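As structure tokens, the structure follows; a few thoughts come after it.
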Amino acid sequence: MSENINKVDVSKLTFEQLKKIRTYLQKLIDNGGSDLHVKANGIIRARINGKIVPFSGSIYAKEEAMTLAKEMLRGRYPEFIENKEVDFVYQFDEGNRFRVNIFFQTDGPSAVFRVIPMIIPTIDEMKYPEAIRTFTNETRGLVLVTGATGSGKSTTLAAMIHEINVNKKCHIITIEDPIEFIHKDKGCIINQRSVGQDTLTFQRALRAALREDPDIILVGEMRDRETVELALHAADTGHLVFSTLHTIDAKETINRIIGMFPVDEQNRIRMALAGVLKGVISQRLIPTIDDKRAAAFEILVKTPTIEKLINENRDYEIRDAIEKGREHYKSQSFDQHILDIYNSGIITKEKAKDYATSASDLELKMSGLNSGKASEHNGESNNGGSNNGKLSTVDEDIFDLK
């Protein structure tokens, strides 16, 4: 009965609210913003260059927000009422798409629209560290991309899948919620599955993928133990698996995965992870002097030393091992890369310290008290540790996705 009450009669909708929001979406695009925030009983705001700014001077009423939800969701409106939140992709025009989450809050519905670039960026265009390209040449194992929401994980994954698509001939299956970047078949067959639309859950799709002759599996996010276990199994049985986690660096990524499991299973998971892990790419976007964003990367490349540290529960030594492997393995810690960015004049000393893993250690290197080590880091950077000596500054609407 309640489902019938919540059904939307599309013929009675005027779509006036959607037209109104489209004007704000166009304004967001014109200003190079990344997110539009529509809140019932609040003003409409946008995120531009990392800062929330007002877009409207009047309150958006609860009734208007409810109508907007009906106009955007139509047949999925009962799902919104039942689950209290819905994710979907909104095609604004031929050149612009948005990832949308509509959810209830105390004053009524709210919606967040995030820009999804239509053109997939390449590794070269983004000036990523060369180690990221190296991961695309792996044939099996697990590669994780981590960082806070909005740090650019989706963009990095898309660039790596594009690199493989252009240069290899294989079968790629992606499982995403929702699908952001659309990949067209080039050298590869790419099947993209959206959770909720093309499959019911990450777990079901991942189990099915093992029977679908994949070479590469992209799991949009490892949210729970079952997904982690299936991903580890897939990586161990001859597949290359890419996925993401909301963790701040490589060390925490390893701890988070192992910590998802009961204590009596953690040694087994630790050994499995040590065996299949190929690398961890962690990223942060740092505000620059010219109000853009500089991408800082910590890159763990699995070496015999790293594998031993994971196996022996010596995670506290991982950052030192990453830094020592910079010249030979192209690994790098956040602080090494942030020091490079600071020395290039792109960011202030204060921002460098704010985003460093160890602000005190970084300040010592900046002051020259650790100059031998700092110059060694800079020399290693020019030997392939970070962008072959190049540093990129990116607009948030290009890089700030997930």
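Given the structure is predicted, the values throughout are model-derived calculations rather than measurements. If you read the sequence from its start, that first residue is 1, and numbering goes on from there.
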* Lys NZ or Arg CZ of Arg22 over Phe92 ring: under 6.0 Å, within 45° -> yes

* About how many Å separate CD1 of Ile81 and CZ of Arg76, when rounded to the nearest 0.5 Å? -> 13.5 Å

* Asked: Do other residues, nucleotides or ligands put more than 12 heavy atoms under 6.0 Å from the NE2 atom of His233?
  -> no

* To do: Any chance you could measure Asn165, atom CG, to Cys188, atom SG, to the nearest 0.5 Å?
  => 5.0 Å

* Going by an N to O cut-off under 4.0 Å, is there a salt bridge joining Lys168 and Asp215? -> no

* Using a 4.5 Å cut-off on heavy atoms from C-beta on, say whether the side chain of Arg47 contacts that of Leu36. => no

* Between Arg114 and Glu180, does at least one N-O distance fall below 4.0 Å, as a salt bridge requires? -> no

* Asked: Any salt bridge between Arg223 and Asp177, counting N to O under 4.0 Å?
  -> yes

* How about Glu221 and His246: do any of their side-chain heavy atoms sit closer than 4.5 Å? -> yes

* Will you find, in the side chains of Glu323 and Ser333, an N or O donor that is under 3.5 Å from an N or O acceptor? -> yes

* To do: Mind checking salt bridge (charged side-chain N to carboxylate O under 4.0 Å, His left out) for Lys62 and listing every partner two or more places apart, or none if nothing turns up?
  => none

* Side-chain ion pair, Asp361 and Lys353, N-O less than 4.0 Å -> no

* Are Asp291 and Lys351 ion-paired here, with the side-chain N under 4.0 Å from a carboxylate O? -> no

* For Phe55, is the NZ or CZ atom of Lys27 found under 6.0 angstrom from the centre of its six-membered ring and inside 45 degrees of the ring axis? -> yes

* To do: Could you give me the CA-CA distance, side-chain angles and deciding distance for Ser110 and Gln105, then say whether side-chain hydrogen bond (donor to acceptor under 3.5 Å, both in side chains) is met?
  => CA-CA 7 Å; Ser110 281; Gln105 42 88 17; 3.2 Å; yes

* **Parallel, tilted or perpendicular, as decided by the 30° and 60° cut-offs, for the rings of Phe113 and Phe98** => perpendicular

* Report, as yes or no, whether the 6.0 Å neighbourhood of atom CZ on Phe80 holds more than 12 heavy atoms from other residues, nucleotides or ligands. => yes

